[in-house]
> 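Below you'll find the structure I mean.
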2 protein chains.
Amino acid sequence: MSRSLSRTPAITDVAKLAGVSVPTVSRVLTGSVPVSPERRERVLRAIQELGYRPNGAARALIKGHQSVIAVLAGATTRYGYALTIQGIEEAARLAGYIVMITVIEADDPETVSKTIDLALANPVAGVIVLKFDPAGIATVRAMPPGVPVVAVAGSRGSGVPHVVLDDTTAAMTATDYLLELGHRTVHHIAVPLAGRRSGRSAGWRKALERAGAEVPPLMEAGWDPHRAYEIGLTLADRDDVTAVLCGNDELAIGLLRALHEKGRRVPEEISVVGFDGHPLGALWSPALTTVQQDFVDVGRRAFGEVVAIIGKSQPPQNSSGTPQLVIRESSGPPPAARRR
Amino acid sequence: MSRSLSRTPAITDVAKLAGVSVPTVSRVLTGSVPVSPERRERVLRAIQELGYRPNGAARALIKGHQSVIAVLAGATTRYGYALTIQGIEEAARLAGYIVMITVIEADDPETVSKTIDLALANPVAGVIVLKFDPAGIATVRAMPPGVPVVAVAGSRGSGVPHVVLDDTTAAMTATDYLLELGHRTVHHIAVPLAGRRSGRSAGWRKALERAGAEVPPLMEAGWDPHRAYEIGLTLADRDDVTAVLCGNDELAIGLLRALHEKGRRVPEEISVVGFDGHPLGALWSPALTTVQQDFVDVGRRAFGEVVAIIGKSQPPQNSSGTPQLVIRESSGPPPAARRR
DNA sequence: GAGTCCCGTGAAAACGTTATCATCACTGCG
DNA sequence: CGCAGTGATGATAACGTTTTCACGGGACTC
């Protein structure tokens, strides 16, 4: 099938074997200009025989950019992150793009700038930053000018175009729901803050304030379900806690485990609401009430936005995803309301 | 800080501004050849002022390859896949490489070859294929010659270098454990097969045969926990099922939910063992017994292997990861043994 | 003091592709 | 029959960088 050659075949080898000029081979490959059927056939045969594959670097050099989208993220395995990346990858692949993933380990300026340099050392067409955490925020801030960049975030922001998942509204919806059930207030175990005035924790606070409910101190659990479990062990001993909104479903599951161990019944004694719509949450006992976010879609939208910026075309309608409250078994009226 | 320029600055602009030749700028950037401190200083200042960033495509063109590793995978969000990718990315970033992710949607030849073409249209230094499923197998088979490629798999294979996670041994360990507890046999809900003679299902079968136990028909659940849930609903009505080994933890959780709904007690009536070591499994009630695999490590090893192939150096000691049985609450002796 | 070596430097070539331009043959029209 | 128009083709330039080569000057050796 493929002739042996000391080096990987280049377009000149194909041209020589097919008995045509180099540009003609290029024209067959790109299809930009018609080529006579007879020559086209010879070229294709030569390509086949040599196992020729166009050099992407040379193409990128002359085209001025490459079909590569860089994704910068603080993590890749957490549910929301992984799904967003999935959406980006899917949309990119369908459009003939490839995604590069680079993890930002920390939010200190040196790490951030080193990571950005590493990513931009490659010829990228555009950048998508997952601005879900402090590392993401620092990255957006440190991005050099001139690079097409889009941020995916839980709320709108300035500086670069943002594609948002309305976390604030989502948290308000969930909090309102619990208040309407009769809970006097809602406690909150938070994921790392991505901005004081917006995001999940802000929505929770806003909903409580609007309802005139007491705002209990926010409990930070990082990203670790075990930390939420520990918090849950202390929470289980308190009578004043009847509803807890968790920053994500993993934390909610850690909390559920702690309440279960302590013999607290959910939702009879305490209601628990998660965040994200993790598929395993539905399989818990009790099945987890959660606020579902369409991460895959936000990933797709982010890709569309980047492509629009690159192509200088009008960006697609920048609708923010509408979060959906999925009521399952882990939430209900507080004990006081039940006694009535 | 940075001068305005109609186009993105190239090395010639830096050279002109610094008053040196183009190669001198290159020498400052690469550090390959010493440059006098005074000129070096001027060059660095010019780079700073222009906001210059070397063009990766041009570099890749002349170097013959790029510091990019392509990862081809059947999925990115499933626990094992995501962790393996995390390990690859981490090791790659530390070595100054970056990873490209491409998902193989299906295992038909056309999809596979189109996806490979898309990935290899970029100048990649090497390829890592996640051979965890049929799509991965088809991809390894369809890889064109001449590209450095490493497969990550649940068992050894031929053709290309494999970095393995010993699924067969892992499944045997889990099955042996259940048999030793006194179960007459072990049922199995399988993830999609990645080879008949090896992998998780093969280890399960091998352990049963070696122990002279009956081998019940294998139940395929794909990757969907809900499918495992449905299987669990039917399993719950059967008295002969006392132990179930699941192809991964997500399936095990689906099964647990079904058993819970049907009022079957775990582990008193039925033991359930999962696979992977998913962190949420520990938070279930009952906490899930599982076989933990070090996916992050296998990802790191795969990267090391690819780099070794590229550099033609000796590959690092190719130890296969040792799976670890983590006994928690979801497994125990069968009802018969308990009555004794 | 003359020859040799080494170090820093710049000019030019090279990487593999696509874009631009000119050329040539052919067709269609007057 | 002549001319304009069209369509396919090849020569050449261009992309931005690194590598190779040659050169000049200073330090060292004998």
Side-chain angles (χ1 to χ4, degrees), chain A residues 5-44 46-47 50-68 96 117 120-125 146, chain B residues 5-44 46-47 50-68 96 117 120-125 146:
Chain A
L5 201 66
S6 56
R7 51 184 173 70
T8 58
I11 197 170
T12 50
D13 302 309
V14 175
K16 205 172 292 172
L17 181 60
V20 300
S21 71
V22 168
T24 296
V25 177
S26 172
R27 287 190 263 260
V28 170
L29 289 167
T30 60
S32 58
V33 171
V35 173
S36 71
E38 182 245 356
R39 278 156 190 266
R40 142 176 260 104
E41 182 58 34
R42 287 217 308 271
V43 169
L44 290 175
I47 289 174
L50 291 171
Y52 166 76
R53 198 174 284 278
N55 181 318
R59 278 192 165 168
L61 177 57
I62 196 156
K63 287 278 190 69
H65 73 96
Q66 192 142 331
S67 296
V68 175
D117 284 348
L120 295 188
N122 301 82
V124 300
Chain B
L5 201 65
S6 56
R7 50 184 174 69
T8 58
I11 196 169
T12 50
D13 302 311
V14 176
K16 204 173 292 173
L17 182 60
V20 299
S21 71
V22 167
T24 297
V25 177
S26 171
R27 288 189 263 260
V28 169
L29 289 168
T30 60
S32 57
V33 171
V35 173
S36 70
E38 183 246 354
R39 278 159 190 265
R40 144 176 259 102
E41 183 57 35
R42 286 218 308 272
V43 168
L44 290 175
I47 288 173
L50 291 172
Y52 167 75
R53 197 173 285 278
N55 181 317
R59 277 192 166 167
L61 177 57
I62 197 155
K63 287 277 190 69
H65 74 95
Q66 192 142 332
S67 295
V68 174
D117 284 349
L120 294 187
N122 301 82
V124 301

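By convention in this document, chain letters (A, B, ...) are assigned in the order of the sequence lines, proteins followed by strands, and residues within each chain are numbered from 1. Predicted, not measured: the structure shown is a model, and the values here were computed from it.
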> Atom CD1 of A:Ile11 to atom P of C:dA14: distance rounded to whole Å?
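Rounding to the nearest Å, CD1 of A:Ile11 and P of C:dA14 are 19 Å apart.
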> Could you list, one pair per line, each protein nitrogen or oxygen that sits under 3.5 Å from a nitrogen or oxygen of nucleotides 5-7 of chain C, together with the distance?
none

> Identify, between B:Ala58 and A:Val20, the residue whose nearest nucleotide on DNA chain D lies closer to the 5' end.
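Closest to the 5' end, via its nearest nucleotide, is A:Val20.
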> Please compare B:Ser21 and A:Tyr52 by the position of their nearest nucleotide in DNA chain C and report the one closer to 5'.
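That would be B:Ser21.
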> If the condition is side-chain hydrogen bond (donor to acceptor under 3.5 Å, both in side chains), which residues does B:Ser36 pass it with, not counting sequence neighbours?
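In terms of side-chain hydrogen bond (donor to acceptor under 3.5 Å, both in side chains), with neighbours along the sequence ignored, B:Ser36 is linked to no residue.
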> With B:Arg39, which residues qualify under side-chain hydrogen bond (donor to acceptor under 3.5 Å, both in side chains), at least two apart?
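side-chain hydrogen bond (donor to acceptor under 3.5 Å, both in side chains) list for B:Arg39, sorted by chain: empty.
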> So which heavy atom on A:Ser67 is nearest to which on A:Gly96, and how close?
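What the structure gives for the nearest pair is CB-O, 3.7 Å.
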> When we call it a touch if two heavy atoms are under 4.0 Å apart, what does B:Val22 touch: a base, just sugar-phosphate, or nothing?
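Answer is base: heavy atoms of B:Val22 come under 4.0 Å of a base.
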> Between C:dG16 atom C1' and B:Asn55 atom CG, what is the distance in whole Å?
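Value for this atom pair: 14 Å.
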> Kindly list each side-chain donor-acceptor pair under 3.5 angstrom involving residues 52-64 of chain A, sequence neighbours excluded, with atom names and distances?
from: A:Arg53; atom 1: NH1; to: B:Asp117; atom 2: OD1; distance (Å): 3.0
from: A:Asn55; atom 1: OD1; to: A:Ala57; atom 2: N; distance (Å): 2.7
from: A:Asn55; atom 1: OD1; to: A:Ala58; atom 2: N; distance (Å): 3.1

> Using the side chain to side chain contact (heavy atoms under 4.5 Å, CB included) rule, pick out the option among A:Leu50, A:Leu44, A:Val22 that qualifies with A:Val14.
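Of the listed residues A:Leu50, A:Leu44, A:Val22, the side chain to side chain contact (heavy atoms under 4.5 Å, CB included) partner of A:Val14 is A:Leu50.
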> Have a look at the helix from C:dG1-D:dC30 to C:dG30-D:dC1 and give the angle its two end axes make, five pairs each, rounded to 10 degrees.
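Rounded value for the end-axis angle: 40°.
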> Less than 3.5 Å apart, which donor and acceptor atoms pair up between the side chains of residues 23-35 of chain A and the rest of the protein, not counting sequence neighbours?
from: A:Thr24; atom 1: OG1; to: A:Ser21; atom 2: OG; distance (Å): 3.1
from: A:Thr30; atom 1: OG1; to: A:Ser26; atom 2: O; distance (Å): 3.1
from: A:Thr30; atom 1: OG1; to: A:Ser32; atom 2: N; distance (Å): 3.3
from: A:Thr30; atom 1: OG1; to: A:Ser32; atom 2: OG; distance (Å): 3.1

> Looking at DNA chain C, which of residues 23-30 of chain B put a heavy atom within less than 4.0 Å of it?
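Output list: B:Pro23, B:Thr24, B:Arg27.
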> Under a 4.5 Å cut-off applied to non-hydrogen side-chain atoms, are A:Lys16 and A:Thr12 in contact?
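Counting from C-beta outward, A:Lys16 and A:Thr12 never come under 4.5 Å.
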> Starting at CG of A:Asp13 and ending at P of C:dG16, how long is that distance when rounded to a whole Å?
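The answer, rounded to whole Å, is 9 Å.
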> Output all residues satisfying side chain to side chain contact (heavy atoms under 4.5 Å, CB included) with A:Ala18, sequence neighbours left out; order by chain, then residue number.
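Testing A:Ala18 for side chain to side chain contact (heavy atoms under 4.5 Å, CB included), a comparison that skips the adjacent residues, returns A:Val20, A:Arg42, A:Val43, A:Ala46.
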> Going 5' to 3' along DNA chain D, between which two nucleotides do contacts with chain A fall, using a heavy-atom cut-off of 4.0 Å?
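Here the contact window of chain A covers D:dA8 to D:dG16.
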> Show me the protein contacts with nucleotides 25-28 of chain C, counting only N or O atoms at under 3.5 Å.
none

> Report yes if some heavy atom in the side chain of B:Asn122 is under 4.5 Å from a heavy atom in the side chain of B:Val68; otherwise report no.
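Result no, sub-4.5 Å side-chain heavy-atom pair not found.
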> Check every atom of C:dT18, C:dT9, C:dA14 against the side chain of B:Ile62 and return the nucleotide holding the closest atom.
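Minimum distance to the B:Ile62 side chain belongs to C:dA14.
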